[in-house]
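Residue numbering restarts at 1 for every chain, and letters A, B, ... go by the order of the sequence lines.
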Amino acid sequence: MIRTLFVLLVLLVLAAAATSVIPHLKMRTELDGAGLEYARRGLEDTGSINLVTAVIVAYRGLDTLGEVVVLFSAATSVMLILSLFPLGRGPTDPSFIVAHTARVLPAPIMLLAVYFTTHSHLSPGGGFPGGTIMASAFLLVMLGSSSTPAGSKILPALEALSGTTFGLLGLWGTMTLGQFLNNRVIGIGNPGYLVSAGIIPLVSLAIGVKVASEFSGIFAAFRKSGGNR
Amino acid sequence: MNPSLASALAVFLGGMMLAASVVVLFVRDLLSAIIITGMISLSASVLFLLMDATDVAITEASIGAVLATLIFLWGKGKMGGRE
Amino acid sequence: MNNTLAFVSVGLMAGGIFLAFLRLLVGKTGPDRAVALDTITLISTNLLVFIALFEERSMLMDVAIVYSVLSFLGVLALARYLDGGLR
Amino acid sequence: MNVFYWTVAGTASGLIIVGLWGVLTRKNILRIGLAFTIADTGVNLLLVWSGYLPGRTTPILNGDVPAAEAVSAVVDPLPQALVLTSIVIGVAVAALFVVVAVLASRRLGTADIRRMKELKW
Amino acid sequence: MSAPAVAGHVLMILGGMILFTSGLGVLRMPDVWNRLHAGTKATTLGSMLFLAGAGCLRPGWIPKLLLIIFFILLTNPVSGHALARAVHILREERPDNLLRDDLENRNEEDEGGGK
């Protein structure tokens, strides 16, 4: 009873706060602040056609490094807990058709993921969506069997390699131009082509591999903690 | 985007999302609640595309359709019968 | 493209989504709702292609490609949960 | 009066309120996680909405949008970049939540948070 | 309108009608098995018709549309099969007038496709 009243009170306070904001809201019609600067100078500064990727990788690259660290710690906690306390009793085998689909389809999905990751400066996509699609390909392999795939042993190595690559690409900017993650270290090239926009495609690839290996590690830990039947 | 078409789609999808989110809290079966949450994420992806956020739409489609649903399903399977 | 004729097709697709959504809400068991989710995602893929046609930017169709692949994975995960593959 | 603009804002706020309501009142621990995910979706929608400008297009400057007119033709790219990372972090945190919930419910034999007395402080 | 535009609009409306019918079937059919028919077979045909109509209207987009059609053709039957099999294993709803059931007495060795 007291709990229900308390919940009602909290929701009422929140609704009142939200209602008091409504008269001050008005529709935005012009860019302002940081968004205006990014839209005006983004293409000249970074050479990336996709302004969202320019913001993620070039302007706010240090923040992205922090986000990757948060993701890393969450994934590591999941893997640690699941390896310390085994749960579950082992999965059943899939049917013939599902097992064979899981052998055929991961290759096109992986191709799609690599396309989205490496073309992040030309079309929608980028490290985070590409990485989750790569993890989905790994997941399809795992749904089509009742054991952990053999390739999951190299996941920690991939994760360390991609994280180190991200850091070293940033330090390269520090050493040559005096700025962390400056993407002009190899020139921005001709915008609109695949080889352009400095180190943005490389950093996107590093982010994608890191996200993919972390999510794949979570799935492999879930599967291993049940024990193979 | 044509304003009237975008408005009609937004009212349609938004109404569906709100109705589904209330149903998630009150449906008896936990598996059904997980499935309906996946549908909310997918509708949110269409709304992101209507708001011209293409990258966010791709991310939400891949996360909401597969990864979040799968993690909750796996957790429910690990829990066994304790509900 | 002709606006009136195009609106007819998008109206039909929205109607299909709505009917499947009703099954998602009232469906008795979990498998009923899984079938309804499958239908909703496939019709939504066509809706995304329609939005790309309407804005005349082929770039927006990348979302539809991702949708068509990953909706399958979601439904496959549901099916594998139901037959005991995720334990 | 732009119907699309305010409809999206209403949907996002409604999702946040419903998610908080679920987190505060539900008993099953996995259902609390689902309500948390719903509130997460609402927050992401609201953030992207704050950068949306009616009548403009995606911030990708290829042949359809020349770079010289970018300032008057594209929506705000900054909130989209923030939400992109927020979604990925959200699902990782949800995975951590699910694992801890499963562990607690297996230890205590129940998924009802009213009976998880040992976790209180 | 030119001939490709007429064909495109006709195909799009036809695809929309089939998609609507599939939604109606999912709502109104009596049990899970019939709903699976409406939800997987009809949407495959409707999607293909709609995407073909879009290809008639914009000939430059045909590669991407073909990619979507390829993925739908490859994935949709598999998900329908997996769902039907899972529902059969659950043994919740079994029609009374079933004449023949190939999965009735399968044993553990028969389903080992994933070794």
Side-chain angles (χ1 to χ4, degrees), chain B residues 1 3-18 20-22 24-27 30 33-34 36-38 40-41 43-45 47-60 62-64 66-83, chain D residues 2-5 7-8 10-12 14-15 18-19 21-22 25-26 28-31 33-35 37-38 40-42 44-45 48-49 51-60 74-75 79-81 83-85 87-88 90-91 94-95 97-99 101-103 105-106 108-112:
Chain B
M1 194 72 197
S4 63
L5 180 63
S7 309
L9 279 178
V11 170
F12 178 66
L13 290 170
M16 285 204 318
M17 284 163 71
L18 285 179
S21 66
V22 175
V24 166
L25 304 187
F26 288 101
V27 69
L30 192 58
I34 294 171
I36 297 173
T37 312
I40 291 175
S41 290
S43 308
S45 161
L47 272 187
F48 282 134
L49 186 69
L50 284 174
M51 282 196 285
D52 295 324
T54 322
D55 308 73
V56 185
I58 292 177
T59 314
E60 179 76 32
S62 63
I63 295 271
V66 186
L67 299 189
T69 309
L70 179 107
I71 283 170
F72 277 100
L73 279 178
W74 218 323
K76 186 179 181 312
K78 294 273 179 207
M79 250 186 199
R82 305 173 188 82
E83 288 186 14
Chain D
N2 193 327
V3 180
F4 177 75
Y5 196 76
T7 306
V8 174
T11 305
L15 284 181
V18 172
W21 177 29
T25 59
R26 294 299 103 184
N28 189 322
I29 191 162
L30 271 188
R31 203 175 294 240
L34 288 177
T37 309
I38 291 173
D40 199 14
T41 308
N44 290 335
L45 268 175
V48 171
W49 170 81
Y52 173 67
L53 303 168
R56 298 195 176 193
T57 182
T58 312
I60 296 174
V74 300
V75 300
Q80 299 187 13
V83 168
L84 201 58
T85 51
I87 292 174
V88 180
V91 75
F97 180 92
V98 166
V99 170
V102 170
L103 197 67
S105 69
R106 286 183 81 96
L108 304 174
T110 176
D112 192 341

How about Gln80(D) and Thr54(B): do any of their side-chain heavy atoms sit closer than 4.5 Å? no
Of Ser21(B), Gly75(B), Gly15(B), the largest count of non-hydrogen pairs under 4.5 angstrom with chain D goes to Ser21(B)
If one checks every heavy atom of Val83(D) against chain B at 4.5 Å, the contacting part turns out to be side chain
Let me see the working for Ser7(B) and Thr7(D) under side-chain contact (heavy atoms from CB on, under 4.5 Å), right down to the final yes or no. CA-CA 8 Å; Ser7(B) 309; Thr7(D) 306; 6.0 Å; no
Under 4.5 Å to a heavy atom of chain B? For Leu53(D) that would be neither
Query raised in the report: Mind checking whether Val102(D) and Trp74(B) have side chains closer than 4.5 Å, heavy atoms only?
Result: no
If one checks every heavy atom of Ile38(D) against chain B at 4.5 Å, the contacting part turns out to be side chain
If you apply the rule side-chain contact (heavy atoms from CB on, under 4.5 Å), what do you find for Leu103(D) with Lys78(B), and how did you get there? CA-CA 9 Å; Leu103(D) 197 67; Lys78(B) 294 273 179 207; over 6 Å; no
Point to revise | Intermediate values then yes/no, side-chain contact (heavy atoms from CB on, under 4.5 Å), Val11(B) and Phe4(D) | key: CA-CA 8 Å; Val11(B) 170; Phe4(D) 177 75; over 6 Å; no
Nearest heavy-atom approach of Leu18(B) to Leu15(D) is CD2-N, 3.8 Å
Arg31(D) vs Thr37(B) side-chain heavy atoms within contact, under 4.5 Å:
no
Applying side-chain contact (heavy atoms from CB on, under 4.5 Å) to Thr69(B) and not counting sequence neighbours gives Ile34(B), Leu73(B)
On a heavy-atom basis, the closest approach of Arg106(D) and Met79(B) is NH1-C, 4.4 Å
CD1 (Ile87(D)) and CD1 (Ile63(B)) are apart, to the nearest 0.5 Å, by 7.5 Å
Q.
Could you tell me if the side chain of Phe26(B) sits less than 4.5 Å from the side chain of Arg26(D), heavy atoms only?
A. yes
Closest non-hydrogen contact found for Tyr52(D) with Leu50(B) is CE1-O, 4.4 Å
Practice task
Would you mind reporting whether Leu45(D) and Met17(B) have side-chain heavy atoms less than 4.5 Å apart?
Solution key: yes
CZ (Phe72(B)) and CG (Leu34(D)) are apart, to the nearest 0.5 Å, by 4.5 Å
Nearest heavy-atom approach of Ser41(B) to Thr41(D) is OG-OG1, 4.3 Å
Bottom line for Asn44(D): the part with an atom under 4.5 Å from chain B's heavy atoms is both
Ranking Ala35(D), Gly33(D), Ala94(D), Ala81(D) by heavy-atom pairs under 4.5 Å to chain B gives rank one to Gly33(D)
To the nearest 0.5 Å, atom CG of Leu13(B) lies from atom OG1 of Thr11(D) at 9.0 Å
Q. What do you reckon, is CH2 of Trp49(D) surrounded by more than 12 foreign heavy atoms closer than 6.0 Å?
A. yes
